[in-house]
Peer 1: 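Take a look at the following structure, please.
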Protein chains: 2
Amino acid sequence: MASETTEPTSAKASEDFGGLRMTKQRQVVYEVLADLSHDHPTASEVFVTAKERMPSISLATVYNCLETLTGSGAIRQVNIDREATRYCANLQPHAHFYCTDCDKVFDIGLERGADASSIWSLPPGCRVEEMHVAIRGVCGTCPKCRQDHAA
Amino acid sequence: MASETTEPTSAKASEDFGGLRMTKQRQVVYEVLADLSHDHPTASEVFVTAKERMPSISLATVYNCLETLTGSGAIRQVNIDREATRYCANLQPHAHFYCTDCDKVFDIGLERGADASSIWSLPPGCRVEEMHVAIRGVCGTCPKCRQDHAA
DNA sequence: ATTATTCTAAGAATCATTCTAAAAAGTGTC
DNA sequence: GACACTTTTTAGAATGATTCTTAGAATAAT
């Protein structure tokens with residue numbers, strides 16, 4: 001697949017994402033997501049913004065790209081209940097807080113030194129691959145909350 | 001079931017579930033779920049078993065009942081990614097472990113004394129209503145998983 | 001007993017997502 | 001640069017879990 005002799009050919013941004021081919025569409029989708037990451041956009045929302053930057057792109061392609069990027073570990077899926085899957089370019093371990101009032105999703109970091117899996121009494125022999133923490137609640141004053149997490 | 005001493009009107013099992021009317025269908029759905037709770041059945045799976053006990057029941061009614069019971073806090077929803085919602089009669093705080101190998105869902109209890117929400121640095125002023133923890137991995141306990149480990 | 005309210009049943013509708021088939025783009029080879 | 005080959009994109013159809021709708025049944029209130 002990826003022949004790495006010397007690379008005077010086309011610059012391969014693909015190497016950043018586990019050897020997958022970095023097409024223009026994937027680039028656009030990734031950039032849109034990185035830009036909108038705080039909003040945790042759905043596939044449709046990514047599509048809207050991606051289309052502004054590349055009018056020819058299709059929804060199916062956005063789905064394909066999001067799946068490929070997720071598979072390569074470049075982005076993460078966020079599922080809150082059974083609502084449309086949202087996507088997130090934040091790769092740090094974090095939880096998601098869904099405000100039932102303003103309908104927004106916020107990233108919640110770990111307390112320093114905390115280990116999210118150690119509090120669960122997992123049976124011996126089982127191997128954890130992924131952990132998704134979704135917290136529902138009310139964020140209080142929504143504008144304030146948004147400010148607090150804008151960083 | 002409900003052994004009230006003096007009750008002029010009809011006995012209300014409803015009082016057990018936050019004042020909602022305990023119809024026969026809701027009763028059946030709840031009992032099915034309590035019986036199958038370890039399996040974390042989907043609505044369709046609940047429907048199959050409920051239909052054995054009450055052949056006239058419809059899928060839409062099972063959905064309605066599950067929603068009502070969830071709303072009253074008698075049962076809980078379990079969502080793993082965007083797969084069909086599963087239901088669970090275990091009301092203790094617990095996480096769900098989804099084995100990607102054997103496709104089963106297990107309840108995972110908290111380590112004693114642990115507090116699931118204290119490890120997250122939640123912004124001040126926000127109120128947590130619910131917390132869903134989904135862990136993906138390989139359970140290593142089922143025959144299939146043990147076989148895969150050996151291989 | 002009569003009326004009002006809530007619940008159930010069956011099927012249609014919805015909507016996010018996946019699939020399909022064909023065209024397009026990229027890759028490697030001469 | 002033209003050729004065969006693989007991967008990706010596109011557009012629309014298909015899928016499947018869930019929700020909606022409407023009429024009729026059951027239950028509660030008057």
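If you're wondering where the values come from, they're calculated on a predicted model, not measured in any experiment. Residue numbering restarts at 1 for every chain, and letters A, B, ... go by the order of the sequence lines.
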Peer 1: What orientation do A:Phe97 and A:Phe106 show, parallel under 30°, tilted 30 to 60°, or perpendicular over 60°?
Peer 2: tilted
Peer 1: Give, ordered by number, those residues of residues 46-61 of chain B having at least one heavy-atom distance below 4.0 Å to an atom of DNA chain C; if nothing qualifies, reply none.
Peer 2: B:Ser56, B:Ile57, B:Ser58, B:Ala60, B:Thr61
Peer 1: Hey, does B:Lys144 have a side-chain heavy atom less than 4.5 Å from the side chain of B:Cys99?
Peer 2: no
Peer 1: To the nearest Å, give me how far apart CD (B:Glu67) and P (C:dC7) are.
Peer 2: 11 Å
Peer 1: Between NE2 of A:His96 and CH2 of B:Trp120, what distance do you get to the nearest 0.5 Å?
Peer 2: 9.5 Å
Peer 1: To the closest 0.5 Å, what do you measure between CD1 (B:Ile75) and CG (B:Leu91)?
Peer 2: 9.0 Å
Peer 1: Can you find a heavy atom in the side chain of B:Val138 that is under 4.5 Å from one in the side chain of B:Cys102?
Peer 2: no
Peer 1: Roughly how far, to the nearest 0.5 Å, is the CZ atom of B:Arg86 from the CD atom of B:Gln77?
Peer 2: 13.0 Å
Peer 1: In terms of side-chain geometry, is the basic nitrogen of B:Arg76 or B:Asp107 positioned less than 4.0 Å from the acidic oxygen of its partner?
Peer 2: no
Peer 1: In the hydrophobic clustering (ILVMFWY, side-chain contacts below 4.5 Å, transitive), which residues join A:Val105, or is it alone?
Peer 2: A:Val78, A:Ile80, A:Tyr98
Peer 1: I need the OH-P distance between B:Tyr63 and C:dA9, as an integer number of Å.
Peer 2: 15 Å
Peer 1: Heavy atom of residues 34-44 of chain B under 4.0 Å from DNA chain D: which residues?
Peer 2: none
Peer 1: Just to confirm, is there a sub-4.0 Å distance from OP1 or OP2 of C:dA25 to any side-chain nitrogen or oxygen of A:Gln25?
Peer 2: no
Peer 1: Does any non-hydrogen side-chain atom of A:Met131 lie less than 4.5 Å from one of A:Ser117?
Peer 2: yes
Peer 1: If you assign each of B:Asn64 and A:Cys65 to its closest nucleotide in DNA chain D, which residue comes earlier from the 5' end?
Peer 2: A:Cys65
Peer 1: Less than 4.0 angstrom between a side-chain N/O of A:Arg26 and OP1 or OP2 of D:dT8, yes or no?
Peer 2: yes
Peer 1: Considering just the side-chain nitrogens and oxygens of A:Thr23, establish if one lies under 4.0 Å of OP1 or OP2 belonging to C:dA25.
Peer 2: no
Peer 1: Would you indicate whether the side-chain heavy atoms of B:Val29 and B:Ile57 approach each other to under 4.5 Å?
Peer 2: yes
Peer 1: Less than 4.5 Å apart, any side-chain heavy atom of B:Leu33 and any of B:Pro41?
Peer 2: yes
Peer 1: Tell me the interatomic distance from A:Glu45, atom CD, to C:dT17, atom P, rounded to whole angstroms.
Peer 2: 11 Å
Peer 1: Answer yes or no: does atom NZ of A:Lys51 have more than 12 heavy-atom neighbours from other residues, nucleotides or ligands under 6.0 Å?
Peer 2: yes
Peer 1: Looking at five pairs on each end of the helix from C:dA1-D:dT30 to C:dC30-D:dG1, what is the angle between the two axes, given to 10 degrees?
Peer 2: 30°
Peer 1: Return the value, rounded to whole Å, for the distance between atom CD of A:Gln27 and atom C1' of D:dT9.
Peer 2: 16 Å
Peer 1: Share the residues that join B:Val48 in a hydrophobic cluster, the rule being Ile, Leu, Val, Met, Phe, Trp or Tyr side chains under 4.5 Å apart at the heavy-atom level.
Peer 2: none
Peer 1: Just to be sure I understand the geometry, which residues of residues 80-90 of chain A put a non-hydrogen atom under 4.0 Å away from DNA chain C?
Peer 2: A:Ala84, A:Thr85
